[in-house]
Every structure is written in C-alpha cells, then in structure tokens.
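All of these numbers come straight from a predicted model, not from anything done at the bench. Values below: all heavy atoms of this structure, side chains included; hydrogens, waters and symmetry mates excluded. Numbers here are sequence positions counted from 1.
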Amino acid sequence: MLWLDVNNLTGMIPISIRNLGNLTHLVLSYNKLYGSIFHEIGMLQSLTLLYMHCNNLSGLIPTSIGNLGNLSHFYLYSNKLFGPIPQEIGKLGSLRDLALYRNNLSGLIPNSIGNLTNMNGLDISENNFWGSIPSSIGNMKNLTMLDLSMNMLSGNIPLEIGKLKLLTTLKLFTNELNGSIPFEVNNLTNLWYLELEENMLSGYLPRNVCNGGSLRNFTAYDNYFIGSIPISLRNCTSLVRVRLERNQLRGNLSEDFGIYPNLNYIDLSYNDFYGELSQKWGQCPSLQSLKISNNRISGVIPLELGRSTELHVLDLSFNHLVGQIPKELGKLTSLFLLHLGDNQLSGTIPSKIGMLSNLQFLILSANNLTGSFPKQILECANLLNLNLSKNKIKGSVPTEIGNIQFIQMLDLSENLLIGKIPPQLGELRSLETLNLSHNELFGSIPITFGEMSSLTNVDISYNCLEGPLPNNKAFSEAPFEALRNNKGLCDNASSLKACPSSITLGKNPSEKRRNKVLIIFIVPILSIIFLSMIVCGILYIVLKRPKLRNKVNNAREAQNGNMFAIWSYDGKMVYESIIEATEEFDSKYCVGVGGCGSVYKAELQSGQVVAVKKLHSIQDGDITNAKGFENEIRALLEIKHRNVVKLFGFCSHPRQSFLVYEFLERGSVKDILSNKEEVVGFDWIKRANLVKGVADALSYMHHNCSPPIVHRDISSKNILLDSNYEAHISDFGIARFLKPDSSNWTTFAGTFGYIAPELAYTMEVNETCDVYSFGVLTLEVIMGNHPGDLISFLSSSSSSSSATTSTAHDIQLKDILDQRLKSPRNQVAFKVVLIAKLALACLATNPKSRPTMQEVSKKLSIEKAPTLEVVDMLTFNLRFNNG
C-alpha cells in the first residue's frame with residue numbers, strides 16, 4: 001500500500017510506479033499533481049483501490065485502465081481530465097465505486113458501463129457528457145447511488161432505471177432530458193434523494209415516489225410537469241426539502257399536503273395550484289422556507305402559520321388571498337423575508353410586524369391595505385427593502401423612518417400619503433431606490449437629500465411638491481416622468497423649468513427669512529473652518545510643505561473605531577498611528593510594489609485595517625510623481641461610487657508622502673487569476689458581478705462626473721476585490737479630467753496589453769480608451785489569463801475575412817473559457833455569453849464603433865435570458881467588429 005494523500009506533492013506522477021506490481025492501494029489524492037495518467041498504470045494489476053482525486057491531473061483516462069480487474073474503488077474526481085470514458089471501463093468487474101465528477105470529460109456514456117454489476121456508487125456529474133443515458137445502466141442492480149447531474153445528457157430517461165430497486169440517490173438534474181418519467185421509476189421505493197430539476201421533462205410526477213416512506217429530497221423545478229402532486233407525498237413524513245416550482249402543476253393545495261415534522265424547505269411557486277392554504281403548515285416545526293407565489297391560492301392566511309417559528313422566508317405573493325394579515329406573524333422572529341404582495345389583503349398592517357427584528361425584506365405591495373403608515377415597522381432596523389406601494393395607506397410619512405439606516409429600497413408609491421417629506425428620510429445613507437410617486441405630498445424636498453450619495457433611482461411624480469430639487473445626481477438626472485405632475489418643482493440642470501435666481505431652498509418669504517438667518521450663522525462658521533484649513537495646511541500640497549490631509553469628518557464613525565473620522569481634528573494622531581502600525585514602513589508589512597510606490601497593510605490600534613500607498617522619493621526630497629499624487633487625490637475626492645476604491649486621507653511630506661485607502665482583502669484580479677487555489681472560488685457568477693461592477697463604475701466616471709473622468713489604466717492589476725469579490729477600481733495616477741471643447745491631447749501612458757491601439761498615433765485621450773481596456777480586462781476575467789494572443793488572432797482573421805463569410809479559423813467561446821471552472825449553464829451561461837459579446841464590441845478597431853460604458857452597464861443589467869434563447873449558447877463564434 002502507498003498512501004501519500006493530503007500533502008503538497010507537485011509535479012507529474014512518476015512512471016516508475018508501474019514497477020510496483022504487488023501494490024494494492026495507491027492513494028495520491030489531495031495534492032497538487034499535474035500532467036496525465038501514464039498508460040502504464042494498467043500494469044498495476046493487483047490494485048484494489050486507486051485514489052487520485054483532488055489534484056490537477058489532465059489528459060485522457062488511459063484505456064489500459066481496463067487491465068485493473070481487481071479494482072474495487074476508483075476515484076478521479078476534481079481534476080482536469082478530458083475526453084471520453086474508455087469502453088474498457090466495462091472490464092472492471094470487481095468495481096464497486098466509480099467517482100469521476102468535476103472534470104471536463106465528454107462524449108457518450110459507454111454502454112459497457114452496464115457490465116459493472118457489482119457497482120454501489122456511480123458519480124460522473126459535473127462533466128460534459130452528451131447523448132442519451134444507456135439502457136444498459138439497468139443491469140447495475142446493486143447501485144445505491146447514481147449521479148449523472150450537470151452534464152448535457154438528452155433524450156428520455158430509460159425505463160430500465162426502474163430495475164435499480166436498491167437506489168437511495170438518483171440525481172439527473174441540470175441536463176437536457178425530455179419526455180416523461182417512465183412508470184417504472186415508481187419501483188424505486190428506497191429513494192432518499194430524487195433530483196430532476198432543470199431539464200425539459202414533461203408528463204406526470206411519479207405517483208408512488210414516496211411509497212417506501214424514506215424520501216427526503218424531491219426536486220423537479222424548471223421542467224414542464226403537469227397534473228397534481230403525487231398522492232404518496234401526503235403522508236411522506238420523511239420529507240426535508242421539496243422544490244417543484246416553475247412547472248405546470250395544478251391541484252387543490254388544501255388537500256394535497258399533510259404534516260411534515262422534518263420539512264425544512266418547500267417551493268411550489270409558478271404553478272397553477274388553487275384552493276386555500278392549509279392550517280397544517282403551522283404544524284411543520286422545522287419549516288424555514290415556505291414559497292407558494294404565483295398560483296391561484298385563495299382564502300385567508302391561516303393564523304396557525306404563527307407557530308412555524310423557524311420560518312426564515314414566507315412568500316405567498318401573486319395569489320388571490322383575502323382578509324387581514326394575521327398579527328400572529330409577529331411571532332416569526334426568525335423571518336428574513338415576508339412577501340405578501342399582489343394579493344387582495346385588506347385591513348391595517350399589524351403592529352406586531354415590528355417585532356420581526358431579523359426582517360430584511362418586507363413587501364406588501366398591490367393589496368387593499370388601509371390605515372396610517374405603521375410606525376412599528378420602523379422598529380425593524382435591519383430592513384433592506386420596504387415596499388408598501390399600491391395600497392390605501394393614509395397619513396404622513398413618520399419622522400422615525402430615519403431609524404432604518406441600512407435600507408436600500410423604499411417604495412411608498414400609489415397610496416394616500418399627505419404632508420411633507422420628513423428631513424429624516426434624507427439621512428438614509430444606504431438608500432439606492434426611492435419611490436414616493438402618486439401620493440399627496442406637498443412642500444419642498446428637504447435639503448438633507450443632497451447628502452444621499454448612494455441614491456441612484458428616484459420617482460416623486462404625481463404629488464404636490466414645489467421648490468428646487470436637491471443637489472443630488474439622482475434628482476438632477478432623473479427622467480421627466482419621475483418628476484412630472486407636481487405643483488412647482490424647478491431645477492437649473494434637469495428637464496424641469498429653471499428656478500428663479502432668487503430661489504435657493506424655497507419660494508415663500510418665511511423661507512427666505514430662514515435662509516438669511518442661516519447665512520448669518522453659516523458664513524462666520526465657514527470662515528473659521530476655512531482659516532483653520534489654511535493653518536493646518538489642508539490645501540498646502542501646491543507649496544509642497546509637510547501636512548496631513550483628509551476627506552472624512554464624521555464623529556459617529558469615530559465612535560465606531562474609524563480613526564479617519566477624526567483626521568481633520570487631529571491629523572498628527574492618525575499620522576503617528578500609521579507610522580506605528582507599519583513600524584515606519586517596514587518591508588514585512590508591504591503587500592505590493594508598483595512603479596510609483598509601495599503598498600502596506602496597516603492595522604491600527606482601533607482594529608481598523610487600511611492600505612497605505614507610500615510614494616517613492618528621490619534624494620532632494622521631492623516626490624517622484626507629484627502630479628500623479630495630486631491627480632489620484634483629485635479623482636478620488638470627486639468620485640463617489642461603490643466600485644471605486646475609497647480614499648480615507650493622504651499625507652504630503654518630502655520624506656514620507658502616502659495615501660490611505662480602504663483595505664481590500666482579496667487583492668487584485670491579476671493576483672487571484674494566477675493563484676491556482678483561490679481561482680476555483682472565483683466562479684462564473686462572481687466574475688460576471690465583477691465585470692458588471694467595473695462597467696458601472698466606468699459608466700459613472702464617464703457620464704455622471706463633470707467633467708468626465710477617464711482612468712487610462714484599466715487592467716487586472718488595478719481592479720481590487722473585497723471579501724465578497726466585489727470590484728473596486730484603483731490607481732488613478734494617470735487619470736484625466738476631460739476638458740469640454742478640447743482635443744485632450746496627452747502623452748502615451750497605461751499598461752501595455754490594455755492600451756487602445758489608436759493611442760499609438762493619435763495621442764488623444766477620451767472615454768473610448770477606457771472602453772477598449774475594459775474589453776481586454778473582461779476577456780481576461782472569463783479566460784483566466786491575458787487575451788493578447790486571442791486579440792491578435794481575431795484581429796488578423798477579421799481583417800482578412802469578410803463580415804459575412806465564415807473562416808476556417810473560427811474560435812468558439814466555450815474553447816477559450818477558463819478551463820479551471822466548470823462550464824457555465826443556463827442563466828449563468830447567458831451572462832457569460834453576453835459579457836463575451838460586449839467585450840468583443842469594446843475591442844472594435846474603430847473607436848467610434850465601440851459602445852459607451854453606459855450602454856455596456858445597461859446591457860449587463862439584463863437578469864435573464866430570453867425565453868427562446870438557443871440551448872447551447874457557448875458555441876457562438878468569436879468575431880471582431882472592424883468598424
């Protein structure tokens with residue numbers, strides 16, 4: 001026996017192992033071995049156990065594997081193997097467990113696999129197998145586990161599967177199987193797990209699926225099943241998880257389900273169920289998620305639901321429910337989401353809702369709810385989304401609304417609200433979407449709204465509001481439809497009529513008098529602050545004297561341990577803290593070195609962790625790149641976007657000049673793509689979100705900043721990732737503020753491989769330069785490495801071929817995707833295809849043919865593929881637009 005698992009072994013498997021003719025156990029799993037499995041492995045005919053899983057092995061499974069007639073356990077999962085399963089696998093008559101999942105294997109499942117009649121477990125999931133499931137699989141009558149999921153298998157489920165009466169696990173999900181489930185599946189009475197979701201199956205669900213009384217997981221969502229719930233599920237008390245959403249099932253829900261002591265999750269949404277909600281749901285003590293949205297459920301919400309105290313998610317939206325919202329729901333203190341929207345509920349919102357301290361999503365829209373705005377809701381301090389729109393709620397918006405400080409979406413539209421908008425609403429610093437339209441609100445919009453930097457979408461139409469819009473881009477750039485039909489709103493920068501020059505915050509004389517009083521107090525205060533800033537040297541960078549400058553001044557943050565909230569009061573203290581934390585910039589704290597400086601990780605005594613970029617200096621004490629230093633500060637003080645790195649402050653000193661940023665844990669995109677361990681966690685969804693984040697930030701810089709800002713150095717080394725893999729653009733040292741009515745000539749700068757080709761001869765910088773760099777970065781993200789050779793190849797191919805003629809050199813998207821990840825499927829595949837197409841558009845030879853970043857950002861906001869999207873989207877050919 002040779003056991004070498006769970007080490008850090010690297011390199012190829014030595015071929016000399018073939019000489020160990022008496023070896024019975026070869027265990028090389030959980031290492032970093034690469035290369036192919038040598039053909040001579042077939043010489044080890046005494047092997048009974050062969051474990052090579054969780055390595056980086058590639059190449060084909062050798063046909064000589066058929067010589068290992070004594071092999072009982074064969075594990076090759078989690079490698080990079082490709083090609084088919086050799087027919088010779090059928091010679092392994094002693095084999096009991098075969099695990100090949102999470103590779104890049106492809107081709108047909110060999111018929112010879114049916115010869116393995118002693119098999120207990122077969123798992124070939126997460127590969128690229130296609131074709132039908134061989135009927136010979138029915139010969140493997142000792143199978144207890146069969147997992148063929150996440151492949152590209154098509155055709156019908158063979159009726160021979162019904163012969164596998166010992167099966168406890170049958171997983172066929174995420175394939176392209178069609179037709180109905182054969183009646184013979186009813187013979188599988190020992191099933192624990194039956195997972196059929198994300199196929200194209202139709203017909204009826206197996207009637208006796210739980211006749212054996214042991215079924216735990218039954219998932220069949222995203223298919224075309226019809227008919228009622230299988231009768232055997234009514235008394236299937238073993239059930240833990242049921243997902244049947246997005247089918248065409250129907251039946252009376254008040255009759256089709258029983259009491260399930262172990263049920264944790266059930267989703268019956270997007271079907272055609274009718275009847276009333278059963279009181280029995282309240283007798284499922286383990287239930288955490290109950291989703292029955294988008295059906296035809298009628299009647300009232302049963303009071304007994306208040307007994308399901310473990311509920312995290314309750315979604316009964318888009319049904320025909322009537323009556324009041326039961327106050328008993330206030331007992332569901334674990335509730336995370338409550339969605340009762342689009343029903344016919346009436347009465348007032350129960351005050352007990354305020355007891356749901358963990359509630360983050362409360363959606364009661366499109367009902368017939370009455371009464372005043374329930375202040376008790378505002379005790380749900382963790383709310384992220386509150387939607388009470390399309391009801392008949394009266395009264396004013398309470399001032400206590402400022403308590404829900406983390407809220408991101410607030411929709412109170414189409415109600416009967418009156419009164420003024422409370423200033424406290426402007427204190428919601430995380431609010432992104434606000435809809436107050438179609439009410440009877442009056443007065444001016446509070447000045448506090450000017451401080452809502454996160455606000456991106458607003459609708460205040462159809463009210464009685466008047467006066468100027470707040471100094472906020474969400475308002476000034478809102479479409480006219482979002483502002484129309486008010487009493488007298490005005491603004492000098494939007495689609496509204498211009499405000500009279502005498503108007504500042506309001507129109508009536510009393511407001512003017514208040515403004516004068518404000519001026520009497522504000523002018524002396526501003527004068528003192530300005531003088532203090534001069535004394536402290538805040539603007540002294542031009543004179544190149546020692547100073548410490550900052551941007552943040554928030555006493556509340558200071559109390560929470562953010563030292564930079566007090567920098568403007570005591571810059572010396574923060575300066576000394578940074579010097580102490582880095583031990584005067586000791587190299588052991590250095591996490592990166594660039595052309596103009598080194599980056600250090602500094603953990604301050606308060607526990608706050610920051611990144612400190614210390615600029616290189618020269619002998620006379622001047623800064624090597626003073627212009628870049630000032631440039632970066634100017635840009636980061638101007639840009640307020642979640643996908644741009646946050647600047648806390650900076651210090652300009654002849655010996656120690658540095659900038660202080662938020663610390664982003666995962667480093668740069670370049671680092672993570674080159675790290676074999678970390679890149680596996682950087683999945684397709686995270687990569688799509690990263691591309692969207694960069695696009696949003698560039699769109700903001702190009703179209704929402706005045707003047708527009710061009711980064712000029714978008715590359716994988718300048719995109720940093722936080723702990724959630726969210727993108728943050730960094731390094732604005734060569735950024736340019738575009739001057740209107742100017743050619744904006746510049747010197748050649750940027751990172752080679754990302755620079756737009758026209759800069760080599762025009763030297764004119766504009767937004768299209770960033771668009772090209774974004775295209776390169778995007779291809780790098782989905783390929784896993786820099787696409788330089790691909791760009792050259794496609795550029796030369798498109799130059800030599802007409803746009804309407806296919807060439808012999810076509811490259812399909814699936815061939816260039818990062819092979820370290822499984823191929824994306826379904827909606828994720830749609831996202832990747834969309835990203836690739838946009839990247840190619842951004843790389844157009846003619847800058848005028850490239851899309852704007854605003855257009856790219858909008859297209860990336862598409863969440864789902866069209867209904868008739870081509871099944872295999874990854875096979876489209878890559879093409880450039882020469883423009």
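The two atoms that bring Leu359 and Leu338 nearest to each other are CD1-N, 3.9 Å, heavy atoms only. For Leu233 against Leu215, the heavy-atom pair with the smallest separation is CD2-CD2, 4.2 Å. When every heavy atom of Thr333 is checked against every heavy atom of Met355, the shortest pair comes out as CG2-O, 4.1 Å. Taking all atoms of both residues into account, the shortest heavy-atom contact from Gly306 to Lys331 is O-CB, 3.7 Å. Residues Lys327 and Pro350 share a closest heavy-atom pair of CA-CB, 3.9 Å. Between Ile85 and Leu100, the closest heavy-atom pair is CD1-CD1, 3.8 Å.
With Arg207 contributing its side chain and Asn186 its backbone, the two residues share no donor-acceptor pair below 3.5 Å. Looking at Asn211, its side chain never comes within 3.5 Å of a backbone N or O of Ser232 through a donor-acceptor pair. Proximity of a side-chain donor or acceptor of Asn187 to a complementary backbone N or O of Val185 within less than 3.5 Å is not detected. In this structure, the side chain of Thr219 does not engage the main chain of Glu197 through any donor-acceptor pair within 3.5 Å. Side-chain atoms of Asn103 come within 3.5 Å of backbone N or O of Leu81 as a donor-acceptor pair. The main-chain N or O of Asn190 is never found under 3.5 Å from a side-chain atom of Thr168 such that the two would form a donor-acceptor pair. The backbone N or O of Val240 sits nowhere less than 3.5 Å from a side-chain atom of Asn262 that would complete a donor-acceptor pair. Within the 3.5 Å criterion, the main-chain N or O of Thr24 finds no donor-acceptor partner in the side chain of Ser46. At distances below 3.5 Å, not a single donor-acceptor pair connects side-chain atoms of Lys171 with backbone N or O atoms of Tyr193. Listed for the Asn385 side chain is no donor-acceptor partner under 3.5 Å among the backbone atoms of Ile363.
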Expected list for residues 52-73: side-chain donor-acceptor pairs under 3.5 angstrom, two or more places apart:
unit_1	atom_1	unit_2	atom_2	d
His53	NE2	Tyr77	OH	3.4
Asn55	OD1	Asn31	N	3.2
Asn55	OD1	Lys32	N	3.3
Asn55	OD1	Leu33	N	3.1
Asn55	ND2	Leu28	O	3.0
Asn55	ND2	Met52	O	3.2
Asn55	ND2	His53	O	3.3
Ser64	OG	His39	O	2.4
Asn67	ND2	Ser64	O	3.4
Asn70	ND2	Gln45	O	2.9
Ser72	OG	Thr48	O	2.9
His73	NE2	Asp97	OD2	3.3

Would you give me the side-chain donor-acceptor pairs under 3.5 Å for residues 141-153, sequence neighbours excluded?
unit_1	atom_1	unit_2	atom_2	d
Asn142	ND2	Thr117	O	2.8
Thr144	OG1	Asn120	O	3.1
Asp147	OD1	Ser149	N	3.0
Asp147	OD1	Ser149	OG	2.6
Asn151	OD1	Asn127	N	3.2
Asn151	OD1	Asn128	N	3.2
Asn151	OD1	Phe129	N	3.1
Asn151	ND2	Ile124	O	3.2
Asn151	ND2	Leu148	O	3.1
Asn151	ND2	Ser149	O	3.1

Would you mind writing out the side-chain donor-acceptor pairs for residues 155-166 within the sub-3.5 Å range, not counting sequence neighbours?
none

Let me have the donor-acceptor pairs involving side chains of residues 272-281, under 3.5 Å, with sequence neighbours excluded, atom names and distances please.
unit_1	atom_1	unit_2	atom_2	d
Asp272	OD1	Arg296	NE	2.7
Ser278	OG	Lys280	N	3.0

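A 4.5 Å side-chain heavy-atom check between Leu95 and Asn118 finds every atom pair outside the cut-off. You'll find the side chain of Leu122 stays beyond 4.5 Å of the side chain of Leu116, heavy atoms only. Side chains of Ile133 and Leu177 form a contact here, defined as non-hydrogen atoms less than 4.5 Å apart. Counting heavy atoms from C-beta outward, Val300 and Leu321 have side chains that stay 4.5 Å or more apart. The shortest side-chain heavy-atom distance between Ile266 and Leu239 does not fall under the 4.5 Å cut-off. Using a 4.5 Å heavy-atom cutoff, the side chains of Asn689 and Tyr725 are not in contact. Taking the side chain as every heavy atom from C-beta outward, Cys210 and Pro230 never approach each other to under 4.5 Å. Ile89 has its side chain within reach of Pro110: a pair of non-hydrogen atoms, C-beta onward, lies under 4.5 Å apart.
With sequence neighbours excluded, the residues that form a side-chain hydrogen bond (donor to acceptor under 3.5 Å, both in side chains) with Thr174 are Glu198. The salt bridge (Lys or Arg N to Asp or Glu O under 4.0 Å) check on Arg216 picks up nothing, with sequence neighbours excluded. Residues forming a salt bridge (Lys or Arg N to Asp or Glu O under 4.0 Å) with Glu245 (at least two apart in sequence, or on another chain): Arg243. Under the rule for a side-chain contact (heavy atoms from CB on, under 4.5 Å), the partners of Lys291 that lie at least two apart in sequence or sit in another chain are Tyr265, Asp267, Ser269, Val313, Asp315.
Rounded to the nearest 0.5 Å, atoms CZ (Phe225) and CG (Asp222) are 11.0 Å apart. To the nearest 0.5 Å, atoms CG (Asn319) and CG (Leu253) are separated by 9.0 Å. Atom CD1 in Ile297 sits 9.0 Å away from atom CG in Leu316 (nearest 0.5 Å).
Applying the disulfide bond (SG atoms under 2.5 Å apart) definition to pairs two or more places apart or across chains, none involves residues 59-114. Among residues at least two apart or in separate chains, there is no disulfide bond (SG atoms under 2.5 Å apart) pair with a member in residues 69-103. Residue pairs meeting the disulfide bond (SG atoms under 2.5 Å apart) criterion with at least one member in residues 295-332: none, sequence neighbours excluded. Screening residues 267-327 for disulfide bond (SG atoms under 2.5 Å apart), with sequence neighbours left out, gives no hits.
Counting non-hydrogen atoms of neighbouring residues, nucleotides and ligands closer than 6.0 angstrom, the NZ atom of Lys686 exceeds 12 such neighbours. More than 12 heavy atoms of other residues, nucleotides or ligands shown are found within 6.0 angstrom of OH on Tyr75.
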Would Leu108 and Trp130 count as a side chain to side chain contact (heavy atoms under 4.5 Å, CB included) here? Give the steps. CA-CA 6 Å; Leu108 299 170; Trp130 47 271; 3.5 Å; yes

